[in-house]
Structures are given as structure tokens and as C-alpha cells.
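Counting convention: from 1, in listed order, for ligands and their atoms alike.
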Amino acid sequence: MPAAYRRTLIRQISQHAHSEIVGMLPEGNWITRAPSLRRKAALLAKVQDEGGHGLYLYAAAETLGVTREELVDQLLSGAAKYSSIFNYPTLTWADIGAIGWLVDGAAIMNQIPLCRTSYGPYARAMIRICKEESFHQRQGYEIMLTLCRGTPEQKAMAQDALNRWWWPALMMFGPPDSESQHTAQSMRWKIKRFTNDELRQKFVDATVPQGLYLGLTFPDPDLRFDPETGHWRFGAIDWEEFRRVLAGYGPCNRERLEARRRAHAEGAWVREAALANAAKRRQRAAYAAHRIAAE
Ligand code: FAQ
């Protein structure tokens, strides 16, 4: 395997894994405050799914010769990137609907093509992940639908969440093609099968009709349907904001890393106990094998 292909995969898969793990934090913030038992159970299951996705992806990255410890260190030291979207706060319950609808919706748009990416272990992990993400997207949209059919206050909450999450969701697809360092090479290697701008446009085309069905307004005065091309045209994205978030100055960057560092430190005893248990099992198995051989 060419060294640069391996490096690119480790970079992309590990950033993807970190995104899933850090992505548990904004929604985890609402588990204790979900408005009903049904909503709480669904949210708990969703956040747990995201943790599982992180683990499949770390395992896929490990097949390329990097260790889990190295990857976790890169995240905790702040050296590794994770998706910009998870540096925004979840202020109201409607944000949980907006994350499912928009963030999982954007994630699926980006990840469906990855089910056929050129590196098998990554592609196979993506198949299961996409099935779960599509369920997440529906639970988010259903929260939005319930709020939009509720009281005027609930509908206003849904509108406010759309206003805050729309532009950051468009930034999830990465810089415009003209500024994307890696797209051309990753397309040649068939790691990426569509460019950042192509996927962003597909997402806008799929999502705008869903928002209009909810009776919501997109926070973009330039958004209009172009009948000639069949696409929804959208206004300029604030790439300065994107660069600020990537540089560590988003609304929650510091809080997210602190939460991950704290969780890692507080989980040390779990890792120690798991290792001790594995050692005990190995010892017992060796003893049993020895006894059978002696009989
Ligand atoms: N945030 O040259 P490109 C999810 C970086 S999973 C932060 O275009 P590339 C599930 C990029 O890494 C969401 N950094 O790069 C969920 C590169 O930096 P580097 C994550 C970004 O790789 C839902 C530099 O900018 N999904 O949401 C971002 O060809 C709900 C130049 O960019 C994936 O990771 C960004 N938005 O294309 C979980 C999918 N965009 O490494 C919980 C897999 C770009 O040179 C709750 N990844 N950068 O230092 C990909 O498809 C690609 O890596 C892209 C970027 C499209 C993200």
C-alpha cells in the first residue's frame, strides 16, 4: 500500500472517529432533560450508537498500523481535528431535533458514498453506520415535525434551532472545492467519490423541501430554486467562521476537549479493570489447557 494513501486514510478515518466520539457531547447534554420517557430512550440509544460508530472507525484505522492509544492521544492533545459542527452549543430541546435532521442528514449524504470507498475496512464500517444514521435523521425530523405542529412557542423554538444550525451544517462538508487541499488526490484514489461542493449541493437539494414542509424559513435570503438546473441555489457561506472554529475558537471547542480529557481520566479505572480481567481469563485458560494436557 502506498505510504501517502495509508496516511490519508488514517487522517480521514481517525478524524471521522473523533467526530463521532466528540459528537456524543452536544446531544448527551440533553439526555437528562428530554421531555418524555420515549424521547429520553431514543436519545440515549442514539448517543450510544454514535459511541459505537467511533469504535468501529477506530478499529478500521487500527488496521492501517496506528494504535488506539496514539489516536486518542492526538485527540486529547488537541493535535487531531474533529468535525467543526460539534463545537456549537445545544441551547434548547429543538437543537436535538435540528441535530438529527441536519447534522445526521449531512453525515449520511457524505457517508453513503463512503460505503463504496476504496479501502475495505472503512467501507464495511460505513454500511452499518449509515443504516443507524438514517434512523437518527428520522428521529430528528420527527422531533422537528412535532414542535412545528405544536404551540407557537414550540414552532419558534424549532425555527431558532434551524437558524443556528443551518450554516454550520453546510460547513460540515468541508471547504469549497477550490480551497480543498485533499479532494483531488482522494478522488483519484477513490477514497472520496464526490467533492465537498457536490455533496453540499445534494444536501441542500434534499433538505430544503423538508424544511418547507415543516413550515420553516431558512436563514438565507439568497436561497432560491433554479428551475433550469433543478437545484436550490444558496448564499455565501461564512468561511471565516469555519476557519475560526477549526483553529480552536468556536463557541465550545475548549469545553469539548475538557469534557473528553475528564472522561478519559475518570475512565482510567475501567481500562485497568478490563486489562486485569483479560489477564485473569488468559491465565485461567492457560491453566485449564495445562490440566487437560496433563490428564
Ligand atoms: N470540520 O481538503 P479537505 C457525524 C479539514 S460524523 C473539521 O476538504 P478532506 C456523525 C480537513 O480535515 C461527521 N475539519 O479535506 C454524527 C482538512 O484538514 P487536515 C464527520 C474539517 O479530508 C452525527 C482540511 O480541513 N464526518 O457527524 C472539516 O478531503 C450526529 C482541508 O479539507 C466525517 O469525518 C470540518 N467540517 O475532506 C455524530 C466523514 N472539513 O486533515 C454525532 C469523513 C474539512 O489537512 C451526532 N470525512 N476539514 O488537517 C470526509 O468525508 C472528509 O474528511 C471531509 C473533508 C469531507 C470532512
Find all atoms of ligand 1 within a distance of less than 4.0 Å from any non-hydrogen atom belonging to [X], and give their numbers and elements.
X	value
Tyr82	1 (N), 7 (C)
Ser84	1 (N), 7 (C), 35 (C), 36 (N)
Gly174	40 (N), 44 (C)
Gly23	42 (C), 46 (C)
Phe173	56 (C)

Can you tell which of [options] gets a heavy atom nearest to [atom]?
atom	options	value
atom 22 (O) of ligand 1	Lys46, Arg11, Met187, Arg200	Arg11
atom 8 (O) of ligand 1	Ser180, Pro113, Ser83, Ala79	Ser180
atom 23 (C) of ligand 1	Leu57, Asp104, Leu102	Asp104
atom 57 (C) of ligand 1	Met172, Arg193, Gln15	Met172

Any ion pair linking [Y] and [X] (charged N to carboxylate O, less than 4.0 Å)?
X	Y	result
Asp197	Arg200	yes
Arg243	Glu240	yes
Glu142	Arg138	no
Arg262	Glu258	no

Donor on one side chain, acceptor on other, [X] and [Y], under 3.5 Å:
X	Y	value
His16	Gln111	yes
Tyr88	Arg164	no
His231	Asp205	yes
Arg11	Ser186	no

* Do Ile129 and Leu114 come close enough that some side-chain heavy atom pair is under 4.5 Å? ->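 Result no, sub-4.5 Å side-chain heavy-atom pair not found.
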Are any of the N or O atoms of [X] closer than 3.5 Å to those of ligand 1?
X	value
Tyr122	no
Gln111	no
Asn110	yes
Glu133	no

Under 4.0 Å, counting heavy atoms only: does [X] come that close to any atom of ligand 1?
X	answer
Ser186	no
Glu27	yes
His53	no

* Which is it for Tyr141 and Leu214 under the side chain to side chain contact (heavy atoms under 4.5 Å, CB included) test, yes or no, and what are the steps along the way? -> CA-CA 9 Å; Tyr141 191 70; Leu214 293 173; 3.6 Å; yes
* Asked: Do other residues, nucleotides or ligands put more than 12 heavy atoms under 6.0 Å from Phe135 CZ?
  ->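 Counting neighbours around CZ of Phe135, 12 or fewer heavy atoms of other residues, nucleotides or ligands fall under 6.0 Å, so no.
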* Given the protein's heavy atoms, is any one of them under 4.0 Å from atom 54 (C) of ligand 1? ->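 No.
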